[in-house]
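A short worksheet on the structure shown next.
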Amino acid sequence: MSLEGVQLTLVESPGELADFLEWLGHDRRILGVDIETTGLNVAKDRIRMVQFGDAQRGFALSYRDWRGIIRDIFARYRRPMVGHHWKFDSGFLARDGITTPWERTHDTMPMCFLYDSLGPKSLKAASALHIDPAAREGEAQLKKAMAKNGWTWATVPEDFPTYWEYAALDTVLTAQLAEKLWPLIQPYREAYDLEMAVERILCDMELRGARIDVGYCQDMLQNLLWEHGALLDQLAPLNPHSAAEVIAEFAKQGVTLTKRTQSGQLAVDDAVLQHVGTPFAAQVVKARELKKLMSAYFENFLEQRDGDILHPHINQLQARTGRMSVTEPALQTVPKTSFVRDAFIPREGNKLVLCDYDNEEVRLMAHFSRDPGMIAAFLENPPRDVHLDVSIRCYGEQEGPAKRDRGKRALFSKAYGAGVAKFAHTIGVPESEAQRIYNALEATYPGLQTGMEKATRIVRERASYDHAETGYVVLSDKRHIRVKKEKAYVGWNALIQGNAAAVLKRAIVDLEAAGLGEFLILPVHDELMFDVPESDVAEVVPLIEQTMRRDDWRVPLTASAKVADRWGDPYRENHSE
DNA sequence: AGCGCGGGCGCG
DNA sequence: AAAGCGCGCCCGCGCT
């Protein structure tokens with residue numbers, strides 16, 4: 001495939017429209033579709049252009065001029081279509097009341113990911129790799145022209161050739177990419193079908209959005225602003241957010257710092273400041289905390305809302321493991337305090353339902369390690385506390401329960417590759433002590449070590465076999481997650497996180513099939529948030545738990561739901577968790 | 001003024 | 001032989 005001889009057209013006159021419609025009637029394997037918008041925000045931005053194309057030709061249509069025609073095309077076109085990141089385009093069109101035929105639509109983004117989970121996922125980068133290095137030229141040229149003329153995506157003239165050619169070419173790239181990748185991803189059809197089904201549901205979730213309590217956010221932001229301002233006044237002229245100034249202040253006060261950052265500078269992170277323990281160190285910690293709460297959370301909630309609804313971007317294939325991420329705002333990183341989570345409320349007359357998998361990653365480790373003790377623990381009813389068992393083996397029946405968290409930290413540290421030194425440092429104990437906990441872990445669940453070694457070996461062997469820089473692990477839905485050979489030990493993490501991600505995606509599809517899709521609001525790795533009418537809650541909650549439950553692993557993957565009036569309810573101090 | 005990076009910190 | 005993994009967003013800072 002290449003871009004040579006590709007013909008691009010801006011449809012302006014009725015004659016050009018007739019030519020375009022005649023072309024649209026031709027027989028072709030797949031029709032590429034794309035839209036251009038004034039920006040990325042589905043609540044605030046507009047569609048400017050809609051483009052159609054195949055491997056040879058691309059057409060750009062002004063949305064303002066041809067909206068009715070465009071609507072008809074989506075209603076009538078009966079053959080397969082393909083977009084790149086179709087959730088974006090489909091969401092904008094759906095918002096305008098234009099329904100698109102998901103059941104006949106493909107997406108080259110999941111194709112890219114399934115072909116190579118570490119490869120490029122953007123249309124331009126993937127096209128440059130798979131089709132023609134010239135695929136990037138239009139974008140570069142357009143950016144230059146926009147900068148020169150002070151244009152944005154909202155103001156660049158529709159008839160500016162570089163703009164509409166760039167727009168029309170995207171459909172050609174998408175169509176060519178689809179033709180090239182389609183045969184290559186056939187071994188991963190199960191995963192592809194799953195991703196397409198998930199994408200459609202995520203599209204609806206983004207449009208639905210999550211409701212926030214605007215007044216609460218405004219009040220909390222005011223309080224934070226005041227408190228942070230007062231702290232800055234106290235410290236002035238010193239800026240507690242400048243590491244250099246903080247380091248200089250410690251030097252002046254005679255405090256010696258030793259920990260270094262990755263690049264060799266003196267570290268002044270939370271652990272260091274806690275260790276220093278002076279009032280000034282505490283003030284720096286406090287200032288950072290307040291700033292984070294303001295800037296990353298409450299300010300963003302208020303800035304990014306549409307009325308009282310947040311429409312976050314749910315990035316389906318962002319992580320190399322196939323995990324999803326949520327941005328604008330980053331709702332997967334909301335602090336686990338009622339203070340921040342109280343910002344999230346259900347719609348009028350509704351309840352929030354929060355359902356997460358119980359110890360999902362540990363249960364998957366039990367499955368893949370085949371460790372008899374770990375498997376047995378999860379087969380008991382109720383399940384044994386695997387972390388407590390490690391702690392008791394290390395510290396005894398008396399002291400063990402109080403040190404359960406060390407058992408838990410040991411498992412996750414060890415499982416994801418931390419050495420004894422790193423583990424000792426993160427939990428703040430001498431290395432000898434950390435080694436004792438690791439020994440207890442190994443004695444309790446010896447299968448963990450062998451499982452990790454096996455995953456590492458497999459990644460190395462596959463990389464060698466392919467003469468490649470990367471090997472891979474295979475997930476339950478047959479997809480490959482690539483892992484760099486020089487960090488082959490990451491294979492275990494990829495296996496666990498990747499399968500956890502696939503489990504959640506399958507659950508989302510099953511929930512929709514069970515009629516619960518309309519309540520879905522947000523995924524958080526091993527957890528789903530629902531917004532459910534109060535009158536349906538009693539019926540829906542057990543259905544959610546049953547639908548999410550998985551019994552096709554060596555241990556059951558169970559899910560537990562909580563009902564709340566605010567997201568913060570389960571995190572309140574008097575709550576018994 | 002805008003960009004990229006490192007440090008730091010929020011989550012699973 | 002040894003190696004914590006996966007993200008997003010903020011700030012300060014140095015650069016263009």
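Atom set for the values below is all heavy atoms of this structure, side chains included, hydrogens, waters and symmetry mates excluded. Just so it is clear: chains get the letters A, B, ... in the order the sequence lines come, proteins before strands, and each one is counted from 1. Just so it is clear, the structure is predicted and the values come from calculations on it, not from any experiment.
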>> By the 4.0 Å heavy-atom rule, please label A:A418 as base, sugar-phosphate, or nothing.
In response: base
> What integer distance in Å separates A:E361:CD from C:dG4:C1'?
Replying inline: 12 Å
>> Whole angstroms only, please: what is the CE-P distance between A:M294 and B:dG10?
In response: 14 Å
> What's the verdict on salt bridge (charged side-chain N to carboxylate O under 4.0 Å, His left out) for A:K143 and A:E139, showing C-alpha distance, side-chain angles and the deciding distance?
Replying inline: CA-CA 6 Å; A:K143 284 220 166 107; A:E139 185 186 33; 3.7 Å; yes
> Reckon A:V340 touches a base, only the sugar-phosphate, or nothing at all at heavy-atom distances under 4.0 Å?
Replying inline: nothing
>> Under a plain distance cut-off of 3.5 Å, with no hydrogens placed, do A:R482 and A:Y472 share a side-chain donor-acceptor pair?
In response: no
> Could you give the CZ-to-P distance, from A:R341 to B:dG10, as a whole number of Å?
Replying inline: 13 Å
>> Students often get this wrong, so: under 4.0 angstrom with heavy atoms, is A:Q262 touching a base, only sugar-phosphate, or nothing?
In response: sugar-phosphate
>> Side chain of A:V524, heavy atoms from C-beta onward: which of B:dG8, C:dC10, B:dG12 has the nearest atom to it?
In response: B:dG12
> Does A:P329 or A:T321 map to a spot on DNA chain C nearer the 5' end, using the closest nucleotide for each?
Replying inline: A:T321
>> Quick one, A:Y188 and A:Y115 - any side-chain contact, counting heavy atoms below 4.5 Å?
In response: no
>> Taking only side-chain N and O atoms of A:Q318, does any of them lie within less than 4.0 angstrom of OP1 or OP2 on C:dG6?
In response: no
> Mapping A:Y489 and A:H525 to their closest nucleotides on DNA chain C, which lands nearer the 5' end?
Replying inline: A:Y489
> Is a donor-acceptor contact shorter than 3.5 angstrom present between the side chain of A:K292 and the base of C:dC10?
Replying inline: no
>> Suppose you measure atom P in B:dG12 against the same atom in C:dG4; what distance do you get, rounded to whole Å?
In response: 22 Å
> Which of these passes side chain to side chain contact (heavy atoms under 4.5 Å, CB included) with A:Y357: A:M548, A:R363, A:H525, A:E527?
Replying inline: A:M548
>> Tell me if the aromatic rings of A:F344 and A:F301 count as close, with their centers under 6.0 Å from one another.
In response: yes
> How many Å lie between NZ on A:K336 and C1' on B:dG12, as a whole number?
Replying inline: 8 Å
> So which nucleotide does C:dC9 pair with, by the Watson-Crick or G-U wobble rule with both distances under 3.5 Å?
Replying inline: B:dG8
> Hey, does A:Q265 reach any base, or is it just sugar-phosphate, or nothing, if we go heavy atoms under 4.0 Å?
Replying inline: sugar-phosphate
>> Under 4.0 Å, counting only non-hydrogen atoms across every strand here, what does A:A319 touch: a base, just sugar-phosphate, or nothing?
In response: sugar-phosphate
> Less than 4.0 Å between a side-chain N and a carboxylate O, is that true for A:E299 and A:K292?
Replying inline: no
> Could a donor-acceptor pair under 3.5 angstrom be found where the side chain of A:Q497 meets the base of C:dC5?
Replying inline: yes
>> Without decimals, in angstroms, what is the distance between A:W567 CH2 and B:dG10 P?
In response: 15 Å
>> Once you apply a heavy-atom cut-off of 4.0 Å, does A:E328 come out as touching a base, just sugar-phosphate, or nothing?
In response: sugar-phosphate
> Within the structure shown, what part of the strands sits under 4.0 Å from A:A267 by heavy-atom distance: base, sugar-phosphate, or nothing?
Replying inline: sugar-phosphate
>> Using Watson-Crick or G-U wobble geometry with both distances under 3.5 Å, which nucleotide pairs with C:dA3?
In response: none
> If you check the A:H241 side chain, which of C:dG4, C:dC11, B:dG7 turns out closest?
Replying inline: C:dC11
>> What's the closest nucleotide to the side chain of A:S325 if the choices are C:dG8, B:dG10, C:dC5?
In response: C:dG8
> Starting at CG of A:L273 and ending at P of B:dC9, how long is that distance when rounded to a whole Å?
Replying inline: 7 Å
>> By the 4.0 Å heavy-atom rule, please label A:K414 as base, sugar-phosphate, or nothing.
In response: nothing
>> If I take atom CE in residue A:M324 and atom P in nucleotide B:dC11, what distance separates them, rounded to the nearest angstrom?
In response: 19 Å
>> Parallel, tilted or perpendicular: which one describes the rings of A:F412 and A:H387, with boundaries at 30° and 60°?
In response: tilted
>> Using a 4.0 Å heavy-atom cut-off, does A:F423 contact any base of the nucleic acid, only the sugar-phosphate backbone, or nothing at all?
In response: nothing
>> Please report the distance, rounded to the nearest Å, between OH in A:Y571 and C1' in B:dG10.
In response: 13 Å
